[in-house]
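Working notes, beginning with the structure itself.
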Amino acid sequence: MTEPQLPRIRGRAPRVLSLVYNDASNDSRVLKTAASLQQAGAQVQILGSARDLAGHPAGVVQVRGLRVRRVPDLIVPLVFPRLTRLWRRLAGKDPVTGQRAAADDGATAGARSVTGPGAQVGERAPAAPSAAARAKVFAADAWMRLYQTCRLGFWWKGAVGEGRRLRPDVVHANDANALVPALLIAAGRRTRIVYDSHELWRRRNTRQDKWLAPAAEAVIERIGIRRAGGVITVSPSIADWLQHTYRLTEKPSLVRNIPAATVVPDPARGRLRELTGLRREDKIIAYTGGVTTGRGLEETVDAVAHLPRDVHLVLLGPTDATYTAGLLHRADAAGVGDRVHLAGVVPYPEVPQALADADVAVVFVRPICLSYTYSLPNKLFESIHAGLPIVAADLPDTAEIVRRYGIGEVFAPERPDELAASITHILTGAQGYRAASRRAAAELTWEHEAGVLVDLYRRALEELR
C-alpha cells in the first residue's frame, strides 16, 4: 500500500515535532504515528523526556528508524539530595538507599485491607495509624505531588526551548500533558497543532481527592483543542465526548491504536506454553498488557476457579511487584495458584506471535472511570491479530467490535461467573471464532488508520502553503 504524500512547504518536506511525556522507547502509538508521517513525506522528530533511572538518558537516539530526542528529566536525588533524604525519611524509607525498612513504622498502616476477597480467616485488621504516622503520610504525599508537578514543568521548559529552535510546521501533542509546550512552541508562528487524545484525559483513572490539577487540565485542554488544526482520538465514544464537551464543529478523527498488517501467526508457533511450561493439552486464557489494577484481573482469577483444572490463566506483560504479589495471593486463596502464570514481557511487535497458542483472550478493562469505559484497548487488537477468540467486558466500544466481527463473547464486567460461562462457551466452539478473528485482522490494520491520520495532516498543511 502506497501512502498518500503530504504537501511540501515552500519546496521542502513538512517538519513535524511529536511531543510525548515519556522516553518514547515503547510507546507503540507514538512510534507508529511518526513512522506513517515519515513515510508520507514528512521530516519527523519525536521529542520525549529522559528516564535516566530506566536506562533512557537525555540525548538523541534512533528508535525503530525514528529520530527521538529526549530532553533532560528532573531527577530529584541528583538535583536536590537533601530534600530527597528528607522525603525518604517521611515515607518510612532508608534516606540513602530509598528502600523501605523491613519493619514498617506505622506510616502506611491501614493502607491494605485484609477483610476483602482472598483474606485469610483469623487475620487481624491492622491498628489505626497514629496522628504522627498520618502526618508523615500527608507530608510525603504532598512532596510527591509537588515533585511530579515540577518534573512535568521541567519537561515543558525543555520541550519548548528545543521545539522553538526546530521551528516545526506541525506540533503533534500526544495527550493533554503535551498541550502547554505545543501551544508555546506555536505561539506567534504559523505552526499548526494536532492534538492526539490517547485517552479521555479529564476522565482518566486518577485520584479523586484532587481538585486543582483537574481544573487546570480542563482549562488547558479547552484552550488547546480550540487552537488545534486537527484532533484525533482512539475510540468513537471519546470522539463524541470531545465534540460534545468542547462544542467542536467537526468530530475528532478516529485513529485507533491497531497493529500493522501482517500474516496471522500459526498457533503452533505461539510462545505462551514455552514461556510458562504448560502442556499442549492444557487450555490457555491469555491476558496481555500491564499486570496492574483496573484490568479485571481479580475477577478473571475468580473466574478460573469456576473452570476445569486444565484451564490456565497466562499473563503476558510488565508487572508491579506489590500488585502481582496480592493477585497471586488471591489465586492461592481461591485454590488456583498453580493455574495462574506470569509469562514476562516480549517486544511490542512480537505480542501477537507470542499470544497465538492461547485458546481464548480476555479483554477486561474495569469501568472505574469514563476513560476506561470508553476505551478500545490495545490488547483487543493484539489478540485479534493473534487470531484468538475474544471474551470481552461489555463496554460500548469494545463490545461493538466483538459483536460486529463475531469474534467472541461479551460479559457483564461485575460478573465473574458470567465471564467463566463465556470462556466455557468459546472453548467448546473456538474454531468458528478463530476464523472470524482472522478475517477481522485482515480489515483492522494500522495502515487503514494511517490513511485517516495522513488525510488530516494534508488538510492542516494545505493552510500553510
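Hydrogens, waters and symmetry mates are skipped; everything else that's a heavy atom, side chains included, is used.
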Just how far is it from atom [atom1] of [X] to atom [atom2] of [Y], taken to the nearest 0.5 Å?
{"X": "Thr398", "Y": "Leu380", "atom1": "OG1", "atom2": "CG", "answer": "5.5 Å"}
{"X": "Phe381", "Y": "Thr445", "atom1": "CZ", "atom2": "OG1", "answer": "11.0 Å"}
{"X": "Ile232", "Y": "Arg256", "atom1": "CD1", "atom2": "CZ", "answer": "13.0 Å"}
{"X": "Ser383", "Y": "Leu355", "atom1": "OG", "atom2": "CG", "answer": "5.5 Å"}
{"X": "Gln243", "Y": "Thr233", "atom1": "CD", "atom2": "OG1", "answer": "12.5 Å"}
{"X": "Thr149", "Y": "Arg145", "atom1": "OG1", "atom2": "CZ", "answer": "9.0 Å"}

So, do [X] and [Y] sit near enough that their side-chain heavy atoms are less than 4.5 Å apart?
{"X": "Tyr433", "Y": "Leu388", "answer": "no"}
{"X": "Ser197", "Y": "Leu242", "answer": "yes"}
{"X": "Val454", "Y": "Arg459", "answer": "no"}
{"X": "Leu376", "Y": "Pro236", "answer": "yes"}
{"X": "Trp155", "Y": "Pro181", "answer": "yes"}
{"X": "Arg192", "Y": "Tyr457", "answer": "no"}
{"X": "Val336", "Y": "Val301", "answer": "yes"}
{"X": "Cys369", "Y": "Arg203", "answer": "no"}

Can you establish whether the number of heavy atoms outside [X] located under 6.0 Å from its atom [atom1] is more than 12?
{"X": "Arg280", "atom1": "CZ", "value": "no"}
{"X": "Arg167", "atom1": "CZ", "value": "no"}
{"X": "Arg269", "atom1": "CZ", "value": "no"}

Could you go through residues 310-321 and list every donor-acceptor pair under 3.5 Å that involves a side-chain atom there, pairing it with any protein atom two or more places apart or in another chain?
from: His312; atom 1: ND1; to: His341; atom 2: NE2; distance (Å): 2.9
from: Asp320; atom 1: OD2; to: Thr322; atom 2: N; distance (Å): 3.3
from: Asp320; atom 1: OD2; to: Tyr323; atom 2: N; distance (Å): 2.8

Grab the two heavy atoms, one from [X] and one from [Y], that are nearest each other, plus how far apart they are.
{"X": "His198", "Y": "Val30", "result": "CE1-CG2, 3.9 Å"}
{"X": "Ala13", "Y": "Gly41", "result": "CB-O, 3.3 Å"}
{"X": "Ile407", "Y": "Ala440", "result": "CG2-CB, 4.1 Å"}
{"X": "Val363", "Y": "Pro377", "result": "CG1-CG, 4.0 Å"}
{"X": "Ala386", "Y": "Pro352", "result": "CB-O, 3.3 Å"}
{"X": "Ser25", "Y": "Val63", "result": "O-CG1, 3.9 Å"}

Taking 4.0 angstrom as the limit, do [X] and [Y] come out as a salt bridge?
{"X": "Arg273", "Y": "Asp282", "result": "no"}
{"X": "Asp302", "Y": "Arg415", "result": "no"}
{"X": "Glu217", "Y": "Arg204", "result": "yes"}
{"X": "Glu274", "Y": "Arg271", "result": "yes"}
{"X": "Arg165", "Y": "Glu162", "result": "yes"}
{"X": "Arg366", "Y": "Glu298", "result": "yes"}

Are a donor atom and an acceptor atom from the side chains of [X] and [Y] found within less than 3.5 Å of each other?
{"X": "Tyr372", "Y": "Arg295", "answer": "yes"}
{"X": "His172", "Y": "Tyr195", "answer": "no"}
{"X": "Ser371", "Y": "Trp201", "answer": "no"}
{"X": "Asn174", "Y": "Ser18", "answer": "yes"}
{"X": "Glu199", "Y": "Tyr374", "answer": "no"}

Would you check if the side chain of [X] reaches a backbone N or O of [Y] as a donor-acceptor pair within less than 3.5 Å?
{"X": "Arg190", "Y": "Glu463", "answer": "yes"}
{"X": "Asp357", "Y": "Leu272", "answer": "yes"}
{"X": "Arg434", "Y": "Pro389", "answer": "no"}
{"X": "Tyr147", "Y": "Leu74", "answer": "yes"}
{"X": "Gln43", "Y": "Arg15", "answer": "no"}
{"X": "Glu447", "Y": "Ala260", "answer": "no"}

Exercise. Might you work through the side chain to side chain donor-acceptor pair (under 3.5 Å) test for Arg67 and Gln45, ending with a clear yes or no?
Key: CA-CA 5 Å; Arg67 180 182 172 87; Gln45 175 160 295; 2.3 Å; yes
Exercise. List the steps, then state whether side chain to side chain contact (heavy atoms under 4.5 Å, CB included) holds for Val61 with Arg70.
Key: CA-CA 8 Å; Val61 295; Arg70 300 183 182 119; 3.6 Å; yes
Practice problem: Apply the test side chain to side chain contact (heavy atoms under 4.5 Å, CB included) to residues Leu444 and Ile384: give CA-CA distance (whole Å), side-chain angles for both, the deciding distance (0.1 Å), then the verdict. | Solution: CA-CA 9 Å; Leu444 295 168; Ile384 291 171; 4.0 Å; yes
Exercise. Just do the side chain to side chain contact (heavy atoms under 4.5 Å, CB included) check on Asp169 and Thr191 with the steps written out, would you?
Key: CA-CA 5 Å; Asp169 300 300; Thr191 301; over 6 Å; no
Exercise. Taking the six-membered ring for Trp and the full ring for Phe, Tyr or His, determine whether the centres of Tyr287 and Phe364 are under 6.0 Å apart.
Key: no
Quiz item: Among Thr424, Ile426, Ile284, which residue meets the side-chain contact (heavy atoms from CB on, under 4.5 Å) test with Val360?
Solution: Ile426
Exercise. Apply the test salt bridge (Lys or Arg N to Asp or Glu O under 4.0 Å) to residues Arg403 and Asp394: give CA-CA distance (whole Å), side-chain angles for both, the deciding distance (0.1 Å), then the verdict.
Key: CA-CA 10 Å; Arg403 290 176 174 136; Asp394 191 5; 3.6 Å; yes
Practice problem: Could you check Arg439, Glu443, Glu400 and say which one makes a side chain to side chain donor-acceptor pair (under 3.5 Å) with Tyr405? | Solution: Glu443
Quiz item: Which is it for Glu382 and Lys379 under the side chain to side chain contact (heavy atoms under 4.5 Å, CB included) test, yes or no, and what are the steps along the way?
Solution: CA-CA 5 Å; Glu382 292 165 348; Lys379 59 178 65 66; 4.3 Å; yes
Quiz item: Does the cation-pi check pass for Arg202 over Tyr246, that is, NZ or CZ under 6.0 Å from the six-membered ring centre and within 45° of its axis?
Solution: no
